[in-house]
Amino acid sequence: MPELPEVEHVVRALRRSVNGSRIVASEVTLPKLISPLSTAVFNRKLKNARITAVNRRGKYILIELDNRLTLAVHLRMTGQFLVLKPDDELPRHAHAVFYLEDERRLVFRDQRQFGVMKLLASSRINTLKGISELAPEPFSDEFSLAYLKETLAKSRRTLKTLLLDQTRVLGLGNIYAAEALFRARINPFKIASELSTKRVTRLHQAIRDVLRAAVSGNSSSRISLENAEGFSYGEAFGRIWQVYEREGEPCFKCGARIRRLTHGGRSTYWCPTCQRR
DNA sequence: ACCCTCACCTGCACGC
DNA sequence: TGCGTGCAGGTGAGGG
């Protein structure tokens with residue numbers, strides 16, 4: 001599920017539902033999830049730790065504990081958190097269970113098993129491979145027009161590819177990259193360094209607009225970890241994509257048929273008229 | 001230093 | 001019904 005907005009929703013839901021809770025025990029049934037730690041060490045370090053904060057950096061969820069450790073979680077494609085009440089059955093693909101002092105269980109499930117958890121000293125979070133190199137947060141001052149202009153100027157890759165690179169532009173995934181390019185009326189296969197200043201400006205605005213709309217959309221209040229079905233894209237969020245997953249359908253702006261091409265192993269959708277080369 | 005390809009997994013929709 | 005194919009929202013290792 002998760003691009004930056006979805007991760008932000010998960011973070012907020014975790015804050016509402018488990019911040020302040022104490023973990024009395026944990027269980028991990030998929031060792032690679034927490035590698036390189038052993039499950040024994042992982043469980044021992046978490047025992048009796050209290051969750052003191054839940055934050056986000058890029059698409060990483062940072063669960064801070066009162067023992068100077070932080071659990072950094074990346075959901076990748078299908079990772080989910082949910083909170084079970086005492087009588088609830090453990091769902092399929094539950095790979096880690098955190099038993100809370102009030103009898104609830106915080107569960108991490110992940111159908112495709114791509115998700116990762118790293119437990120390490122809070123002071124060392126920024127040294128974590130994957131986090132240390134991340135581009136500035138899209139809503140920070142650091143992610144300025146000048147930053148984007150310089151970043152694009154340095155790359156001969158296509159925009160679509162570059163927008164997915166979290167070390168250059170943070171927060172977009174395959175959906176929002178396509179949506180941002182549509183919003184900015186820019187062709188996904190354009191070479192980054194060849195973009196005019198006018199277009200860079202439009203793209204900068206579009207990236208923020210698309211992410212902001214998704215973060216602050218009507219969905220956020222409805223999401224709850226106690227109702228896992230709340231976590232999905234598309235209709236469940238009450239949103240319709242402009243181009244994503246709309247191959248062959250008419251563009252909402254001009255009526256042209258939306259096109260799709262597989263590019264670097266992933267689908268790219270665009271309107272051939274609104275987003276000319 | 002950069003950029004590309006592939007690998008990591010399960011499950012679903014599709015066509016034969 | 002069953003089986004093969006392609007596809008799915010993300011990243012990181014390895015190689016050119």
Side-chain angles (χ1 to χ4, degrees), chain A residues 1-11 29-36 56-61 72-81 91-96 108-118 127-135 150-182 188-194 207 210-211 213-215 217 219 223 228-237 239-248 260-269:
Chain A
M1 38 180 283
E3 298 180 32
L4 184 143
E6 291 72 29
V7 175
E8 178 63 25
H9 287 307
V10 173
V11 163
T29 46
L30 185 71
K32 71 171 180 178
L33 172 65
I34 57 163
S35 144
R56 180 188 60 70
R57 174 78 176 101
K59 299 176 189 172
Y60 283 84
I61 297 165
V73 182
H74 199 300
L75 304 173
R76 295 287 177 92
M77 300 282 258
T78 50
Q80 286 185 306
F81 276 109
R92 281 191 84 185
H93 307 300
H95 305 310
F108 179 78
R109 69 189 293 226
D110 185 2
Q111 179 195 109
R112 290 174 75 180
Q113 305 180 14
F114 290 168
V116 288
M117 285 187 182
K118 303 280 179 194
T127 68
L128 233 196
K129 167 139 194 54
I131 290 189
S132 58
E133 311 273 286
L134 291 177
E150 278 166 38
T151 301
L152 296 188
K154 282 186 280 193
S155 173
R156 296 288 303 160
R157 296 147 90 187
T158 66
L159 281 171
K160 176 62 188 325
T161 303
L162 190 114
L163 291 183
L164 293 177
D165 182 343
Q166 304 297 299
T167 70
R168 310 304 159 102
V169 175
L170 188 61
L172 300 171
N174 209 32
I175 295 179
Y176 295 124
E179 296 293 313
L181 286 165
F182 174 78
F189 303 105
K190 181 108 185 143
I191 301 298
S193 59
E194 294 175 0
I207 289 167
V210 161
L211 291 177
V215 167
S219 52
I223 290 210
E229 302 319 306
F231 291 106
S232 58
Y233 280 111
E235 302 97 79
F237 264 28
R239 252 179 291 140
I240 303 169
W241 315 117
Q242 299 287 305
V243 288
Y244 187 76
E245 277 189 346
R246 295 198 65 239
E247 182 183 19
R260 175 176 82 97
L261 263 188
T262 340
H263 174 235
R266 343 198 44 198
S267 289
T268 291
Y269 297 84

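None of these values were measured; they are calculated from a predicted model. Just so we're on the same page: letters track the sequence lines, and every chain starts at 1.
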According to side chain to side chain donor-acceptor pair (under 3.5 Å), who are the partners of Gln111(A), at least two apart in sequence or on a separate chain? none
Could you work out, with side-chain contact (heavy atoms from CB on, under 4.5 Å) as the rule, every residue matching Val116(A), not counting sequence neighbours? His74(A), Arg76(A)
Taking salt bridge (Lys or Arg N to Asp or Glu O under 4.0 Å) as the definition, give me every residue that meets it alongside Glu150(A), ordered by chain and number, with sequence neighbours left out. none
What donor-acceptor contacts under 3.5 angstrom involve side-chain atoms of residues 165-172 of chain A, with partners at least two apart or in another chain?
unit_1	atom_1	unit_2	atom_2	d
Asp165(A)	OD1	Thr167(A)	N	2.9
Asp165(A)	OD1	Thr167(A)	OG1	2.7
Asp165(A)	OD2	Arg157(A)	NH1	2.9
Asp165(A)	OD2	Arg157(A)	NH2	3.4
Gln166(A)	OE1	Gly171(A)	N	3.0
Gln166(A)	NE2	Leu164(A)	O	3.3
Gln166(A)	NE2	Leu172(A)	O	2.9

Who are the ring-ring contact (aromatic ring centres under 6.0 Å, His included) partners of Phe114(A), not counting sequence neighbours? none
Secondary-structure notation, DNA chain C, from Watson-Crick and G-U pairs under 3.5 angstrom (| other strand): .|||||||.|||||||
How would you list, by chain and number, every residue that makes a side-chain contact (heavy atoms from CB on, under 4.5 Å) with Arg260(A), sequence neighbours excluded? Glu247(A), Thr262(A), Ser267(A), Tyr269(A)
dG6(C) to dC6(B) separation - P atoms, rounded to the nearest Å: 14 Å
Contact string for nucleotides 8-13 of chain B, one letter per nucleotide 5' to 3', B = base within protein heavy-atom range under 4.0 Å, S = sugar-phosphate only, - = neither, reads BBBS--
What pairs with His95(A) under ring-ring contact (aromatic ring centres under 6.0 Å, His included), at least two apart in sequence or on another chain? none
Between protein and nucleotides 3-6 of chain B, what N or O pairs are separated by less than 3.5 Å?
unit_1	atom_1	unit_2	atom_2	d
dC3(B)	OP1	Ser155(A)	OG	3.4
dC3(B)	OP1	Arg156(A)	N	3.2

Sequence neighbours left out, what passes ring-ring contact (aromatic ring centres under 6.0 Å, His included) with Phe182(A)? Give chain and number order. none
Set of side-chain contact (heavy atoms from CB on, under 4.5 Å) partners for Lys32(A), sequence neighbours left out: Leu30(A), Gln113(A)
Using the P atom as the point on both nucleotides, what is the distance between dA1(B) and dT11(C), in whole Å? 23 Å
